[in-house]
Amino acid sequence: MTLESVRPTESVADRLTLERVGKYRFRGRAHDGPTHRSYGGEVAGQAVLAAGLTAPEDRPIHSAQTYFLLPGDTTVPTEFAVEPVRDGGSFSTRRVEAIQSGRVIFTMLASFHSPEDGLAHQVAELDTPGPDEVPDLAEVFAEQPEALRWTTTFLDALGVDARFPDPPARAYAMRGAAAAPRQRVWLRTRQPVPDAGLEQAACLMYLSDLLLLSATTGPHGEALQDRELQVATVNHSIWFHAPIRVDEWFLHDQYGRWAGGARGLAHGEILDCSGRLCATTMQEGLIRPRTPH
């Protein structure tokens, strides 16, 4: 994504707002200013919202699998066409295509499930200090002013607060050092998000795309120093396990599971401040050095 593709004065919820133009069709507005590549999390969040607006109200979303097919254009309105694949006894399935200028740029398959009681356990643990106990960005990047500038500008543009229990992968890469393929980040939106579960889920999808793929670069800091990277999400999946408020701090515990063939695969676990696992993420994307080593 580019920093110019979102507007810092808007809340995350405002950026995902859709206009309903048909029973199964919605439109996301264009952004002002010059043409830039759309932020993938925005398109995916709008797709979750569009799908949910056509599903039974008593069935919250429990999973979404997405593919990013073409770069989006921030100056062009995005049409979201929803196909009601099936409404069963307890599950509903929706397929969504995001369309710009007659071309499909994104596709998603989402499933919704009526709440039920059942077996319950989780393996994920909250093993990091809370957001008020970790260094702020100025301390994390105390010796890297360029990284501090880039990170704060990036987060300002997205309307997101972030705190890192450990230095992020970018901090290691900029000084040519290797790190473990793990990255932990506390996140929240800077402005309130409506209480409704669908809006919270759509905004979580928006936030879940943030920084996840960079977890795969940790072990390659030396190879990436002073090199420009082409990074793009190819497919992104999320499973929603429990309700969560995205305008309150939550942890995205990210693991770079594999890298090879100019691609990386990352896995994430999203936990609230109580340690409850609220969502699981998986993402594969392009990681291609633009400049020689």
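All residue numbers in this chain count up from 1 along the given sequence. Hydrogens, waters and symmetry mates play no part in the numbers below; they use all other heavy atoms, side chains included.
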Under-4.0 Å salt bridge between [X] and [Y]:
{"X": "D247", "Y": "R188", "result": "no"}
{"X": "D73", "Y": "R103", "result": "no"}
{"X": "D156", "Y": "R149", "result": "no"}
{"X": "E42", "Y": "R15", "result": "no"}
{"X": "E79", "Y": "R25", "result": "yes"}
{"X": "R184", "Y": "D253", "result": "no"}

Point-to-point distance, once rounded to the nearest 0.5 Å, from [atom1] of [X] to [atom2] of [Y]:
{"X": "E139", "Y": "L148", "atom1": "CD", "atom2": "CG", "answer": "12.0 Å"}
{"X": "E269", "Y": "L277", "atom1": "CD", "atom2": "CG", "answer": "6.0 Å"}
{"X": "I244", "Y": "L271", "atom1": "CD1", "atom2": "CG", "answer": "8.0 Å"}
{"X": "I99", "Y": "L69", "atom1": "CD1", "atom2": "CG", "answer": "11.0 Å"}

task = List the steps, then state whether side chain to side chain donor-acceptor pair (under 3.5 Å) holds for H241 with T280.
result = CA-CA 8 Å; H241 309 310; T280 298; 2.7 Å; yes

Exam field: side chain [X] to backbone [Y], donor-acceptor pair closer than 3.5 Å:
{"X": "T54", "Y": "Y24", "answer": "no"}
{"X": "S11", "Y": "D14", "answer": "yes"}
{"X": "Q200", "Y": "P194", "answer": "yes"}
{"X": "Y39", "Y": "Y206", "answer": "yes"}
{"X": "R182", "Y": "G218", "answer": "no"}
{"X": "Q122", "Y": "G275", "answer": "yes"}
{"X": "S111", "Y": "H62", "answer": "no"}
{"X": "E97", "Y": "A81", "answer": "no"}
{"X": "S38", "Y": "G40", "answer": "no"}
{"X": "T217", "Y": "S214", "answer": "yes"}

task = Say whether Q283 and D209, considering side chains only, have a donor N or O and an acceptor N or O under 3.5 Å apart.
result =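 Their side chains do contain a donor-acceptor pair, which is all the 3.5 Å distance test asks for.
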
ask   = Side chains of R95 and T107: donor-acceptor distance under 3.5 Å anywhere?
value =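 No, no side-chain donor-acceptor contact under 3.5 Å.
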
ask   = For L229 and R288, what are the C-alpha separation, side-chain angles and deciding distance, and is it a side-chain contact (heavy atoms from CB on, under 4.5 Å)?
value = CA-CA 6 Å; L229 285 179; R288 178 185 292 149; over 6 Å; no

Any link between [X] and [Y] through a network of hydrophobic side chains (Ile, Leu, Val, Met, Phe, Trp, Tyr) touching at under 4.5 Å?
{"X": "L70", "Y": "V96", "result": "yes"}
{"X": "L109", "Y": "F112", "result": "no"}
{"X": "W186", "Y": "I270", "result": "no"}
{"X": "L212", "Y": "L251", "result": "no"}
{"X": "V140", "Y": "L187", "result": "yes"}

task = Show the numbers, then the answer: is there a salt bridge (Lys or Arg N to Asp or Glu O under 4.0 Å) between E19 and R29?
result = CA-CA 8 Å; E19 175 191 3; R29 59 181 172 77; over 6 Å; no

Do the side chains of [Y] and [X] get nearer than 4.5 Å, heavy atoms only?
{"X": "D272", "Y": "E248", "result": "no"}
{"X": "F26", "Y": "V21", "result": "no"}
{"X": "L204", "Y": "F250", "result": "yes"}
{"X": "V160", "Y": "F154", "result": "no"}
{"X": "T152", "Y": "F141", "result": "no"}
{"X": "D195", "Y": "R245", "result": "yes"}
{"X": "D87", "Y": "R94", "result": "yes"}
{"X": "Q46", "Y": "F80", "result": "yes"}

Please name the pair of heavy atoms, one in [X] and one in [Y], separated by the smallest distance, quoted to 0.1 Å.
{"X": "S208", "Y": "H236", "result": "OG-NE2, 2.9 Å"}
{"X": "H252", "Y": "G268", "result": "NE2-CA, 3.7 Å"}
{"X": "P56", "Y": "S92", "result": "CD-OG, 3.4 Å"}
{"X": "S63", "Y": "Q65", "result": "CB-NE2, 3.9 Å"}
{"X": "C203", "Y": "V246", "result": "CB-CG2, 3.7 Å"}
{"X": "T78", "Y": "A98", "result": "CG2-CB, 3.9 Å"}

request  = Run the numbers on R190 and L155 for side-chain contact (heavy atoms from CB on, under 4.5 Å), then give the verdict.
outcome  = CA-CA 10 Å; R190 292 186 177 176; L155 294 171; 4.1 Å; yes

task = Using the side chain to side chain donor-acceptor pair (under 3.5 Å) rule, take R86 and T93 through it: C-alpha gap first, then chi angles, then the decisive distance, then the call.
result = CA-CA 5 Å; R86 183 176 185 270; T93 306; over 6 Å; no

task = Test side-chain contact (heavy atoms from CB on, under 4.5 Å) on T281 and I238 and set out the steps.
result = CA-CA 4 Å; T281 55; I238 183 168; 4.0 Å; yes

query = Under the 4.5 Å side-chain heavy-atom rule for ILVMFWY, direct or indirect, which residues accompany M282?
reply =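 Answer for M282: W239, W258, L265.
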
ask   = Any chance CD of E83 has more than 12 other-residue heavy atoms, nucleotides or ligands included, within less than 6.0 Å?
value =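 Yes, the 6.0 Å shell around CD holds more than 12 heavy atoms from other groups.
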
inquiry  = Once you measure the plane-to-plane angle for H113 and F91, does it fall in the parallel (<30°), tilted (30-60°) or perpendicular (>60°) bin?
reply    = parallel

request  = Take R163 and D132, measure what side-chain contact (heavy atoms from CB on, under 4.5 Å) needs, and give me the verdict at the end.
outcome  = CA-CA 9 Å; R163 294 183 183 176; D132 296 328; 3.2 Å; yes

